[in-house]
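For the numbers below, each heavy atom of this structure counts, side chains included, while hydrogens, waters and symmetry mates do not. A note on names: the letters A, B, ... follow the listed sequences, proteins ahead of strands, and every chain is numbered from 1.
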Amino acid sequence: TIGMVVIHKMGRTAAGTSTNGLKFKIHGRIGDSPVPGAGAYADDTAGAAAATGDGDTLLRFLPSYQAVEYMRGGDEPSVACQKVISRIQKYSPKFFGAVICANVIGSYGAACNKLPTFTQFSFMVYNSLKNQSTEEKVDCI
Amino acid sequence: SSRLPLVLNTWPFKNATEAAWRTLLSGGSVLDAVESGCAMCEAEQCDGTVGFGGSPDELGETTLDAMIMDGTTMAVGAVGDLRRIKNAIGVARKVLEHTTHTLLVGESATKFAESMGFTNEDLSTRSSRAIHSDWLARKCQPNYWRNVVPDPTKHCGPYKPSDVLEPSNLTYRETDVHGHD
């Protein structure tokens, strides 16, 4: 799955996802990616976020919407991302998931749920302070 | 100086990031940038988790989910279980622009896509067919059935509802880090 958020220099935001979903899914199954608030979410007055992982879990917690609301409340993007992961951990400690967050001034962050086989999450960043796209990694919590 | 504009995407899909950035620099909107970034991954089949030829379902078919959201108008376009159309994010953009709906699914989403000019073509490849036949050879493991007979942890379907209903328990749910959304 790719989840992407874009913030324009004028403050406009957009988010999107594209995926071929879960391997060996039951025919007809849809994951979190096409569901606003689960796979991704954007609001010019707060920020944007996108998620990847176990879609059936993410569908039940709407991490992208919740992360945007945390940023609306003043949380830094990395804190907002960590808080949505922590919320899900309480119910499903072994879920596979990661979230990226960006606010309307261009700050960004990411978070992921630590598993024995998943301890770091890689994501891509491109902004006007960099002259190329950059891969960044975050340690899972 | 300002950190904007910003492109951020999950996983190290560099070409997608750069496609979105180029779109912004050439005067495209944030929606154009998201669409071109996601479309790049659909074409490049990023990690086998985006686009055609990956993640076959139980019947061996590859189907696609995609969504695009405008944070200014809060408009959303999305497709779920899209069949035989490669450019899912492009179809999602058409849902956003040409309907007042939000999400179109399955065969009907395919018909909508064809009416918008998208090509109907097979999304399976030799690779996805091989992945599927290996899965069949491994007694259809993993699968996503429960409370059915025969025992889905040991057998393929078709399945029928079992008499005993075990409650769902998120606490013990684990996902293969290589097979996800």
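For B:Asp47, no part lies under 4.5 angstrom from a heavy atom of chain A. Interface remark: B:Val76 contributes side-chain atoms only to the contact with chain A (heavy atom separation under 4.5 Å). Contacts of B:Leu59 with chain A are made by side-chain atoms alone, with heavy-atom separations under 4.5 Å and no backbone atom involved. The parts of B:Met69 that come within reach of chain A are both its backbone and its side chain, each placing non-hydrogen atoms under 4.5 angstrom from that chain. A:Ser107 touches chain B through backbone and side chain together, each having a heavy atom under 4.5 Å away. Both the backbone and the side chain of B:Leu31 come within contact range of chain A, with heavy atoms under 4.5 Å apart. Heavy atoms of B:Ser29 lying under 4.5 Å from chain A are absent altogether. Heavy-atom distances place no part of A:Val99 under 4.5 Å from chain B, backbone and side chain included. Contact of B:Thr62 with chain A is made through the side chain alone, with heavy-atom distances under 4.5 Å. Both the backbone and the side chain of A:Ala40 have a heavy atom closer than 4.5 Å to some heavy atom of chain B. Both the backbone and the side chain of A:Ile105 come within contact range of chain B, with heavy atoms under 4.5 Å apart.
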Any chance you could lay out the side-chain contact (heavy atoms from CB on, under 4.5 Å) test for B:Asp81 and A:Arg29, step after step, and finish with the verdict?
CA-CA 7 Å; B:Asp81 187 30; A:Arg29 180 268 187 182; over 6 Å; no
Dump the intermediate steps for side chain to side chain donor-acceptor pair (under 3.5 Å) on A:Asp54 and B:His180, then the final yes or no.
CA-CA 5 Å; A:Asp54 171 11; B:His180 58 81; over 6 Å; no
Would B:Lys14 and A:Ser133 satisfy side chain to side chain donor-acceptor pair (under 3.5 Å), going step by step from the backbone distance to the final call?
CA-CA 7 Å; B:Lys14 181 184 175 72; A:Ser133 62; 3.3 Å; yes
Could you go through B:Glu58 and A:Lys25, starting from their C-alpha distance and side-chain angles, then the distance that decides it, and tell me whether this counts as side-chain contact (heavy atoms from CB on, under 4.5 Å)?
CA-CA 6 Å; B:Glu58 284 194 321; A:Lys25 52 186 168 291; over 6 Å; no
Dump the intermediate steps for side chain to side chain donor-acceptor pair (under 3.5 Å) on A:Ser33 and B:Asp181, then the final yes or no.
CA-CA 7 Å; A:Ser33 297; B:Asp181 296 289; 5.0 Å; no
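When each of A:Gly11, A:Ala48, A:Gly3, A:Gly31 is checked for heavy-atom pairs under 4.5 Å with chain B, A:Gly3 comes out on top. Contact count against chain A (heavy-atom pairs under 4.5 Å) is highest for B:Cys41 among B:Gly77, B:Gly60, B:Cys41. With chain A as partner, the option from B:Cys46, B:Gly51, B:Gly37 having the largest number of non-hydrogen pairs under 4.5 angstrom is B:Gly51. Taking chain B as the reference chain and counting heavy-atom pairs below 4.5 Å, the highest number among A:Ala50, A:Gly47, A:Ala110, A:Gly16 is found for A:Gly16. If you tally non-hydrogen atom pairs under 4.5 Å between each of A:Thr19, A:Thr13, A:Ile30 and chain B, the highest count goes to A:Thr19.
Summarising the geometry, atom CG belonging to B:Asp57 is positioned 5.5 Å from atom NE2 belonging to A:His27; distances are rounded to the nearest 0.5 Å. Interatomic distance, B:Thr49 OG1 to A:Ile2 CD1, rounded to the nearest 0.5 Å: 8.5 Å. Atom NE2 of residue A:His8 and atom CG of residue B:Leu24 lie 6.0 Å apart, to the nearest 0.5 angstrom. To the nearest 0.5 Å, the span separating CG on B:Asp65 from CG on A:Asp32 amounts to 8.5 Å.
In this structure, A:Val125 and B:Leu6 have side chains that are in contact, with non-hydrogen atoms separated by less than 4.5 Å. Between B:Trp21 and A:Lys130, every side-chain heavy-atom pair lies at or beyond the 4.5 Å cut-off. Annotation: side chain of A:Phe123 is not in contact with side chain of B:Thr10 (no heavy-atom distance under 4.5 Å). Here the side chains of B:Ile131 and A:Lys23 are in contact, with some heavy-atom distance below 4.5 Å. Counting only heavy atoms from C-beta outward, the side chains of A:Met124 and B:Leu8 never approach each other to under 4.5 Å.
Using a 30° and 60° split on the angle between ring planes, B:Trp135 and A:Phe24 fall in the parallel class, below 30°. Between B:Trp11 and A:Phe121, the angle of the ring planes goes over 60°, which puts this pair in the perpendicular group of the 30/60° scheme.
Within the 3.5 Å criterion, the main-chain N or O of B:Leu4 finds a donor-acceptor partner in the side chain of A:Ser128. Formation of a donor-acceptor pair under 3.5 Å by the A:Asn20 side chain with backbone atoms of B:Pro56 is not found in this model. Without hydrogens or angle criteria, A:Ser18 side chain to B:Ala66 main chain gives no donor-acceptor distance under 3.5 Å. Proximity of a side-chain donor or acceptor of A:Ser122 to a complementary backbone N or O of B:Pro12 within less than 3.5 Å is not detected. No donor-acceptor pair closer than 3.5 Å links the side chain of B:Asn9 to the backbone N or O of A:Met4.
Linking ILVMFWY residues whenever their side-chain heavy atoms come closer than 4.5 Å, directly or via other members, places B:Phe13 and A:Val6 in the same cluster. A continuous path of ILVMFWY side-chain contacts below 4.5 Å connects B:Met116 to B:Val91, so both sit in one hydrophobic cluster. B:Leu25 and A:Tyr126 fall within the same hydrophobic cluster, where Ile, Leu, Val, Met, Phe, Trp and Tyr residues are linked whenever their side-chain heavy atoms come under 4.5 Å apart, directly or through other members. Hydrophobic cluster membership differs between A:Phe61 and A:Tyr41, with clusters built from Ile, Leu, Val, Met, Phe, Trp and Tyr side chains linked at under 4.5 angstrom. B:Ile68 and A:Ile100 fall within a single hydrophobic cluster, where Ile, Leu, Val, Met, Phe, Trp and Tyr are joined by side-chain heavy atoms under 4.5 Å apart, directly or via other members.
With sequence neighbours left out, B:Phe118 forms a ring-ring contact (aromatic ring centres under 6.0 Å, His included) with no residue at all.
More than 12 heavy-atom neighbours from other residues, nucleotides or ligands sit within 6.0 angstrom of NE2 on B:His98. A 6.0 Å sphere centred on OH of A:Tyr65 holds no more than 12 heavy atoms belonging to other residues, nucleotides or ligands. Within a 6.0 Å sphere centred on CD of B:Glu121, other residues, nucleotides and ligands contribute more than 12 heavy atoms. Within a 6.0 Å sphere centred on CZ of B:Arg83, other residues, nucleotides and ligands contribute more than 12 heavy atoms.
Pairs passing the disulfide (SG to SG under 2.5 Å) check and including a residue from residues 107-160 of chain B, sequence neighbours excluded, read B:Cys140-B:Cys156.
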